[in-house]
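Notes for the one structure printed next.
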Amino acid sequence: AAPAVPQLPVAAATDPEPGTDTLSQGDPLSERGTEFLAALREAGVPTSRGGAAEIEAAELVCGELADGVDEVRIARA
């Protein structure tokens, strides 16, 4: 059986404190991005060294799903 594809963890939307630098949830160095990339690698999915491409793709797919786009349509794209 094929390994399960990891899902990008969902984070609650919060406004950063003024004057603080925070990483985007789509940043491969953020906690969310790091967890996602680690899950991909653990599942044996090859990733780029930095992981930015994988995070960007996941963010786009999640956005499409949130907008109600059919999974089959996304898979064909």
Side-chain angles (χ1 to χ4, degrees):
V5 176
Q7 295 184 2
L8 191 60
V10 177
T14 58
D15 292 328
E17 293 291 322
T20 62
D21 293 329
T22 59
L23 295 173
S24 161
Q25 291 183 12
D27 188 315
L29 298 178
S30 70
E31 182 178 343
R32 182 178 180 208
T34 302
E35 289 175 13
F36 178 67
L37 290 169
L40 284 177
R41 292 172 180 143
E42 186 175 312
V45 177
T47 63
S48 62
R49 183 175 296 210
E54 292 81 357
I55 297 297
E56 182 178 350
E59 289 288 330
L60 291 170
V61 168
C62 289
E64 292 289 308
L65 290 171
D67 289 341
V69 177
D70 183 55
E71 289 183 26
V72 174
R73 183 172 175 195
I74 294 171
R76 290 183 189 161

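This one's a predicted model, so the numbers in the text were calculated from it and none came from an experiment. Only this structure's heavy atoms are used, side chains among them; waters, hydrogens and symmetry mates stay out.
The minimum heavy-atom distance between Ser30 and Gly33, with the atom names listed, is OG-N, 3.0 Å.
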Could you give the side-chain donor-acceptor pairs of residues 48-55 under 3.5 Å, partners two or more places apart or in another chain?
residue, atom, partner, partner atom, Å
Ser48, OG, Gly51, N, 3.1
Ser48, OG, Glu54, OE1, 2.8
Ser48, OG, Glu54, OE2, 3.4
Glu54, OE2, Ser48, N, 2.6

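Sorted pairs that involve residues 66-77 and meet side chain to side chain donor-acceptor pair (under 3.5 Å), not counting sequence neighbours, are lacking altogether.
In this structure, Leu65 shares a hydrophobic cluster with Val61, Val69, Ile74, the cluster being traced through Ile, Leu, Val, Met, Phe, Trp and Tyr side chains under 4.5 angstrom apart.
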